[in-house]
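Presented below is the structure to which this report refers.
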Amino acid sequence: MAALTPPTTADTPGASDSATPAFSPLYQQIKGLILQSLQAGEWKPGEAIPSEMDLAARFRVSQGTVRKAIDELAAENLVVRRQGKGTFVSTHAEQHVRYRFLKLVPDSGAREDERAERTVLECRRARASAEVARALQLRTGDAVVQVRRILSFAGRPTILEDIWLPGNTFKGLTAEQMAGHQGPTYALFELAFGVRMVRAEEKIRAVAADEAAAALLATKPGAPLLSVERLSYTYNDVPMELRRGLYRTDSHHYRNELS
């Protein structure tokens with residue numbers, strides 16, 4: 001990767017050219033270059049990135065500038081520092097981020113011991129509807145992988161999920177892969193397809209179970225459910241997954257920490 005070129009007079013605030021982009025602090029530029037390398041797969045999830053000294057030499061900036069860029073990446077859970085070992089690309093396979101996106105917690109609080117039993121009802125290639133295409137920044141009719149599954153806890157069906165993934169990126173994904181992977185699904189996406197979900201947006205509303213959902217979740221029609229729609233992104237805000245879930249909350253609750 002090429003080193004940064006120092007900004008010219010025309011690149012600085014107050015220059016006469018009105019089309020000049022707004023000034024970006026140097027550490028933000030370094031952060032952007034590191035993100036480009038992450039997106040390109042130069043350093044895989046779980047792998048160490050070069051040291052601050054090596055990155056400073058690579059980009060021809062000070063170690064302090066690199067450190068500030070990495071501080072922001074660590075705060076965003078994109079990398080993780082390990083004392084005496086270095087800085088590593090975050091992965092959903094790690095225990096401390098395993099439940100980063102799944103906010104459904106058993107009322108008993110015994111989350112670490114709770115394992116989801118996955119029943120994949122469907123995994124097929126389909127054509128994106130206008131709504132799905134818009135969410136995933138595709139064209140209507142583009143190929144997507146569509147998955148429907150049930151997550152059960154302690155033998156009780158608890159979550160009914162419909163998932164849409166870009167077809168070109170997730171070409172070859174099978175129901176057997178989805179059902180057989182023992183770790184988090186997002187860890188499977190990292191290992192098998194090189195896609196790391198780094199952030200997500202959710203919409204939550206209360207709904208009543210219709211007959212089809214009630215049958216799949218072993219509850220009564222009209223039972224209260226949480227409807228959770230999640231759009232997950234990889235690096236540089238590229239949408240990679242649309243997920244719609246119906247959650248039973250008679251033995252679980254949705255828990256979020258605000259700070």
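Applying the side chain to side chain contact (heavy atoms under 4.5 Å, CB included) rule to R243 yields the partners R149, E161, I163, T185, Y186, R230, E241; only residues at least two apart in sequence or on another chain are considered. Qualifying ring pair (Phe, Tyr, Trp, His ring centres under 6.0 Å) partners for F170, counting only residues two or more places apart in sequence or in other chains: F189, F193.
In the displayed structure, E211 atom CD is contacted under 6.0 Å by at most 12 heavy atoms of other residues, nucleotides or ligands. More than 12 heavy atoms of other shown residues, nucleotides or ligands fall within 6.0 angstrom of atom CD in E117.
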Please step through side-chain contact (heavy atoms from CB on, under 4.5 Å) for the pair Q39 and V238, ending with a clear verdict.
-> CA-CA 10 Å; Q39 186 176 29; V238 178; 3.6 Å; yes

Can you list the steps and then say if V195 with L165 is a side-chain contact (heavy atoms from CB on, under 4.5 Å)?
-> CA-CA 11 Å; V195 175; L165 305 161; over 6 Å; no

Could you please spell out the steps behind the side-chain contact (heavy atoms from CB on, under 4.5 Å) verdict for V61 and Q29?
-> CA-CA 11 Å; V61 296; Q29 297 177 47; over 6 Å; no

In sequence, state the C-alpha distance, the side-chain angles, and the governing distance for R196 and K44, and then conclude on side-chain contact (heavy atoms from CB on, under 4.5 Å).
-> CA-CA 9 Å; R196 179 165 190 271; K44 302 290 192 297; over 6 Å; no

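Side chains of V228 and I159 form no contact here, defined as non-hydrogen atoms less than 4.5 Å apart. D142 has its side chain out of reach of R127: every pair of non-hydrogen atoms, C-beta onward, lies at least 4.5 Å apart. Looking at heavy atoms from C-beta onward, R81 lies in side-chain contact with I70 at the 4.5 angstrom threshold. Contact annotation: the side chain of R58 approaches that of S37 to within less than 4.5 Å [non-hydrogen atoms, C-beta and beyond]. M178 is listed as a side-chain neighbour of L173, based on a closest heavy-atom distance under 4.5 Å. Residues T87 and L73 fail the side-chain proximity criterion, which asks for heavy atoms closer than 4.5 Å. Here the side chains of R148 and L160 are in contact, with some heavy-atom distance below 4.5 Å. Between E229 and L242, the closest side-chain pair of non-hydrogen atoms falls below 4.5 Å.
Residues P45 and V89 approach most closely at CA-CG1, 3.7 Å, considering heavy atoms. Residues A213 and L246 come closest through the heavy atom pair CB-CD1, 3.8 Å. The two residues A218 and P157 have their closest heavy-atom pair at CB-CG, 4.2 Å. What you find for S227 and V207 is that their closest heavy atoms are CB-CG1, 3.8 Å. Here the closest heavy-atom approach between residue L136 and residue W164 is recorded as CD1-O, 3.9 Å. V147 and C123 make their closest contact through CG2-SG, 3.9 Å (heavy atoms, listed as atom of the first residue, atom of the second, distance).
Every pair passing salt bridge (Lys or Arg N to Asp or Glu O under 4.0 Å) that includes a residue from residues 25-37 is listed here, sequence neighbours excluded: K31-E72, K31-E76.
Note that the CD atom of Q137 and the CE atom of M240 stand 9.5 Å from one another [nearest 0.5 Å]. Going from atom CG of L35 over to atom CD1 of I30 covers 11.5 Å, rounded to the nearest 0.5 Å. To the nearest 0.5 Å, atoms CG (L78) and CZ (R199) are separated by 11.0 Å. The structure places CG of L55 at 9.5 Å from CD of Q63, a figure rounded to the nearest 0.5 Å. In this structure, CZ on R156 lies 9.5 Å from OG1 on T219, to the nearest 0.5 angstrom. Distance CZ/F88 to CD1/I49: 9.5 Å, rounded to 0.5 Å.
Taking the charged nitrogens against the carboxylate oxygens, K203 and E201 have no contact shorter than 4.0 Å, which rules out a salt bridge.
Placement of Y254 and I150 in two distinct hydrophobic clusters is found when ILVMFWY residues are connected by side-chain heavy-atom separations under 4.5 Å, directly or transitively. Under the 4.5 Å side-chain heavy-atom criterion for ILVMFWY residues, no single connected hydrophobic cluster contains both Y27 and L38. I34 and V79 fall within the same hydrophobic cluster, defined by Ile, Leu, Val, Met, Phe, Trp and Tyr side-chain heavy atoms under 4.5 Å apart, directly or through other members. A chain of hydrophobic side-chain contacts below 4.5 Å, direct or via other Ile, Leu, Val, Met, Phe, Trp or Tyr residues, connects V120 to L188. One hydrophobic cluster, built from ILVMFWY side chains closer than 4.5 Å, cannot hold both L216 and L151; they sit in different ones.
Of the possible donor and acceptor atoms, none in the side chain of Q28 sits under 3.5 Å from a partner among the backbone N and O of P25. Listed for the R125 side chain is no donor-acceptor partner under 3.5 Å among the backbone atoms of A143.
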